[in-house]
Amino acid sequence: MKSCPGCGASLQEGASFCEYCGAQVRTEHTVPQSDPEKSPGAENSGRLHSREGGHSGPQVALRTVSPVFMLLLSFLTFLFYPVLWVFLRRKAFDSMVPEKKLGLVLPLAFLAATVLFVAAGNVEKFPELASSLSFEEKESLTGWSFLAWFASMTMISFRMRTILRKYASRTDGSPLAANLVARSSAMTFFFQFLYIQQHINMLVESGLADRE
């Protein structure tokens with residue numbers, strides 16, 4: 001039986017997290033050898049990773065990135081990096097939980113809201129439009145576009161949180177991962193994609209997801 005590298009407690013077979021201190025424990029995966037007689041389509045249908053004493057299922061590949069780097073890029077790209085971040089991860093999230101997908105509607109709504117919010121904040125760069133709007137109308141446009149941008153980003157963040165938690169509960173050999181991965185709704189609301197990315201990194205580092 002394995003021991004936790006953090007506190008030394010005995011670990012359940014297949015567990016990726018210590019139930020006493022919550023430390024991540026990298027789990028060794030057994031990857032089936034590819035059969036040369038199988039068709040390429042069968043090999044690309046998804047690798048199965050087995051954990052002794054745990055569940056078996058398709059494991060996705062996720063991209064890791066520092067949340068601090070994400071924050072910096074968001075400012076440098078005038079809020080368009082988060083839109084790119086969502087579209088780059090949409091396919092992986094859609095494959096995590098069959099009955100719960102991110103889809104395309106929310107990312108497209110987020111893109112539209114971001115364009116509107118950035119345009120509203122720079123309305124003075126369009127003299128003809130700016131001259132036709134009163135100060136109150138400009139303030140109203142900025143306020144409503146911000147609400148649309150924040151609401152769409154929040155809905156995507158909580159959808160991703162739900163998907164991550166369901167995926168962790170099905171992939172880990174113990175129920176502990178479902179309680180540790182993205183467990184805080186308050187952190188999801190205040191830190192949005194930064195919080196989600198932090199837990200994507202956690203899944204990869206603990207061996208519950210492949211590194212893209």
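Counting heavy atoms from C-beta outward, I156 and R159 have side chains that stay 4.5 Å or more apart. L72 has its side chain out of reach of S66: every pair of non-hydrogen atoms, C-beta onward, lies at least 4.5 Å apart. Between I200 and L164, the closest side-chain pair of non-hydrogen atoms falls below 4.5 Å. Looking at S157 and T154, their side chains never come closer than 4.5 Å, going by heavy atoms from C-beta outward. Side-chain contact check for K101 versus M96: every heavy-atom pair is 4.5 Å or farther apart. Two residues are said to be in side-chain contact when any heavy atoms from C-beta on lie closer than 4.5 Å; L102 and V86 meet this criterion. With a 4.5 Å cut-off on side-chain heavy atoms, L62 and E212 do not count as touching. Between V118 and W149 the shortest side-chain heavy-atom distance does not fall below 4.5 Å.
Rounding to the nearest 0.5 angstrom, the gap separating the CE atom in M155 from the CD atom in Q192 is 11.0 Å. Between the NZ atom in K166 and the CD atom in E99 there is a gap of 6.0 Å [rounded to 0.5 Å]. Atom CZ of F191 sits about 12.5 Å away from atom CD1 of I196, to the nearest 0.5 Å. To the nearest 0.5 Å, atoms OG1 (T188) and CZ (R161) are separated by 4.5 Å. Between the CZ atom of R63 and the CG atom of D210 there is a distance of 14.0 Å, given to the nearest 0.5 Å. Of the inter-residue distances, the one linking F189 atom CZ with M153 atom CE reads 9.0 Å to the nearest 0.5 angstrom.
A salt bridge does not link E205 to R211: none of the charged nitrogens lies less than 4.0 Å from a carboxylate oxygen.
Side-chain polar atoms of Q197 and R89 form a donor-acceptor pair below 3.5 angstrom. Side-chain N/O atoms of T171 and Q59 include no donor and acceptor closer than 3.5 Å.
For the residue pair A130 and K138, the shortest heavy atom distance occurs at O-CE, 3.2 Å. Summarising the geometry of A113 relative to S152, their closest heavy-atom pair is CB-OG, 3.8 Å, with the distance given to 0.1 Å.
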* Asked: Should E137 and S132 be marked as a side chain to side chain contact (heavy atoms under 4.5 Å, CB included) after you check the CA-CA gap, both sets of side-chain angles, and the distance that decides it?
  -> CA-CA 10 Å; E137 289 173 330; S132 65; over 6 Å; no
* Going through the checks in order, is the side chain to side chain contact (heavy atoms under 4.5 Å, CB included) test met by T114 and F78? -> CA-CA 9 Å; T114 302; F78 302 99; over 6 Å; no
* To do: Could you please spell out the steps behind the side chain to side chain contact (heavy atoms under 4.5 Å, CB included) verdict for L73 and W85?
  => CA-CA 10 Å; L73 280 181; W85 180 90; over 6 Å; no
* Asked: Are Y167 and V60 close enough, and set up right, to give a side chain to side chain contact (heavy atoms under 4.5 Å, CB included), and what steps lead you there?
  -> CA-CA 10 Å; Y167 174 81; V60 300; 3.8 Å; yes
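F110 pairs with exactly one of F150, F117, F87, F193 by the ring-ring contact (aromatic ring centres under 6.0 Å, His included) rule, that one being F193.
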